[in-house]
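Single-structure report; data block below.
Here is the naming used below: chain letters follow the sequence lines, and residue numbers restart at 1 for every chain. This structure is a prediction, so every number in the text was calculated from the model and none was measured.
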Amino acid sequence: MKRRSFLTHSMALTSGLASLSAPALAQSPVLRFGLTPVFLSNDLTLLNNLEEYFSATTGHKVELTRKRTYQEITALLVSGQLDAAWICGYPFIRFQDALQLLSVPVWRGRPRYQAYLIVASDRRASGIDDLQGDLHCFSDPDSNSGFLVTSSLLADRNVRPDAFFSKTFFAYGHRNVVRAVASRLAQSGSVDGYVWEVLNQIEPELTRNTKVIGKSDWLGFPPIAAPKANIGSPQYDAIQSIKRALLNMHKDALGRQVLDLLKLDSFGPPEGTDFAKIAGFMKKVQEFG
Amino acid sequence: MSLARFRPLSWPISLKIPLVVAILMIAIGTLVTERVLSKLSEIQDQNLKELSGAYLDGLSTSVLPHVLRADIWEIFDAIERSKSQYENISIVSTIVASPDNIIFAASDPGSFPTESTIPQEYLMTAIAEAMVKIRSDLPVVRVIKDMEFQGRTIGKLMVTLDVSRQLAERANVRLTLIWTNAVFTVVLAAFGYFLTRRMTRPMQVLTEHLDQIQEGRFQEIDANGIGASGKEVSTLFDSYNAMVRAVNERDMLAKTLHEEEKLAGLGRLAAAMAHEINNPLGGMLNALETLKRHEDNPDVRRTSIGLLERGLKSIGDVVQTSLAAYRDRSARRNLNEKDFADLRRLLRPEILRHAQALKWKTGWRNELAIDGTSVRQIGLNLLLNASHAAGYGGEISFRSDVDNEVLRIAVQNSGRSIPENLLRCLNDKSNSKLQLDDRAGLGLWVICRLVEDMQGQIKAMNTDDGAIVTVEIPLGGGAIRHAA
């Protein structure tokens, strides 16, 4: 019943996934962990360390899966083809009926982050209203900070992005948004505040050409989620081991290396994380059309 | 310096050969430089064509699916990634645009914003892949390529390449070639100069020795001293030295002959003087003997004294003639009309003694620029000879005039004519007249020698009644003053 309900839900949400099924998960001895482009860059060191850490702490062979878009990772996760994934708050809210939270990253002491509006560093602009008619770069249509927040701001002004901006495009990666604005390919961009701040630390030559002209409220940090369908299944213990590995990452030397590369404090428990504002943005945008 | 004086053909060979070498080297250097630069340009063009073609083909392949979707970011990202893949070409900018030149993305979005149109200047200067060629006046080459998909043009790629490195390379190669050619030209010209100097050194030595010949010095060439090792040069020097030795020997012989001739001449002079003195001397001795025997006879005494007087006068004449002939010529003076007046006065006793008639005509006055002493001596001898030939009661004519810078003295006498052999000898223009035998008398010998010294000439001819001797002497040493 639950499986049928999950499949129905998946088919309704994700086109092209009608033929997907979950049974393979229970038989798989491999833990499959998905990563969205929320990641900073193609840092092989980070991927290797993460894979090594998960394998060492869970006792399972861990396979990291990376896709270009949020939609692809979300679909794989919701369809049960991934055991867990680091996704954005927006898709989590959209598919929260099918997903369970495992952990939420803690950045600068809190499991929260902001969405930024950025422009070229030499441009005179102080808010979104100055960006009308821009060629604007979004990160991903399923990104909270990289699309939803800005769309919500515009919805507040009763205007859709394609009407407010002269043209928009998606760069499918927050780092790409920063690159697009820094190179003046785009006149403005919607970006993850955490990514911009971390880039400002590790690649200041990139962010130097951009400046932040708008910050959103503090929002729930992109969480690590798992399909609810696995609860009670033989794979559930393995998924719980991933959760334990995440929550204890800051206590392990290799885990601290991973956290240091990500510039995060730790991975905390999901309880108490507020995604209500994101849900509000989604509702506003959906209602505005 | 006028062009007329600029005559390269007259330059020394030691300068002409290095100059020709330099000109040839410059010509060859220019040709080589042109060919090298031309080839370098071809290679650079071909290289750039291949690199730009590879770049555009690769970029076209990577951006084509994104162009189909008008995916701005992916097009931009592909352009960015391609930069690192084609580091061996200097890309100034890359533009990906729609078929109607609307830009999707460019490597420098600040200069070529998305949604703007490719600048018209870029479109005008862009060339197709196959036409890639570096122009020396443009530091960039702009190449354009259409992107085709299923037979339709879906977009354009335009890349601007910085070719300043290639141009700098050409300039560097050109400069290197010019410097190299210049150095080689100078070195080879200098080498040619020294080699030519060395090769023509024997000729210079020969020329110097030939120049010395003109100054009268015949010196042999020391072939060892100049290192003339060539067989031809050694043979030439040997021949020259043999010639010099032969000439020197001939000169020595000539000098010896000249000395002998001088002695012979002196002998002839002494013999002539002895002859001239001996003739009256015999008469005088006879007269003295007659006077001793018949000193009481007044007629005999008068006749003998007369004979003695004439004999002494005759001897005096010989002495006077010799003095005139060999007097120091350093005290040269011009001929004055008084000299001829003196001649007439000197001749008067002879004329009176032989009851001869004298006609005298001088066609000039005052002074002539000619050796007066010599002319006076010539005139005196001619007149004495004429008086002697005219005999008792004969006629003598003396005429002198100046014509065309020539002093002409003509002395004519009646009576005896000039013997044929003497006549031939006088009219001969060679030096043979200096070799008049002693029978001709000292007077004629003196005349011939003086006339010869003064570059004059003697014309002698017999007439129906006597003979006429004409002496022509060119004036010299100054203009005729107060000529009549």
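Shown here is R157(A), whose CZ atom has more than 12 heavy atoms of other residues, nucleotides or ligands within 6.0 Å. Heavy-atom contacts from other residues, nucleotides or ligands closer than 6.0 Å to CZ of R142(B) number more than 12.
With a 4.5 angstrom heavy-atom cutoff, L185(A) touches chain B via backbone and side-chain atoms both.
To the nearest 0.5 Å, the span separating CD on E80(B) from CG on N176(A) amounts to 10.5 Å. Atoms CZ and CZ, on R69(B) and F169(A) in that order, are 14.0 Å from each other to the nearest 0.5 Å.
When all heavy atoms of F170(A) and W73(B) are compared, the closest pair comes out as O-CB, 3.6 Å. Residues F76(B) and S183(A) come closest through the heavy atom pair CZ-OG, 3.2 Å.
A salt bridge between D108(B) and R184(A) is absent, with no side-chain N of the basic residue lying under 4.0 Å from a carboxylate O of the acidic one. Of the charged side-chain nitrogens involved, none lies within less than 4.0 Å of a carboxylate oxygen, so that D77(B) and R175(A) do not count as a salt-bridged pair.
By number of non-hydrogen pairs under 4.5 angstrom with chain B, the leading residue of Q187(A), K167(A), R179(A) is R179(A).
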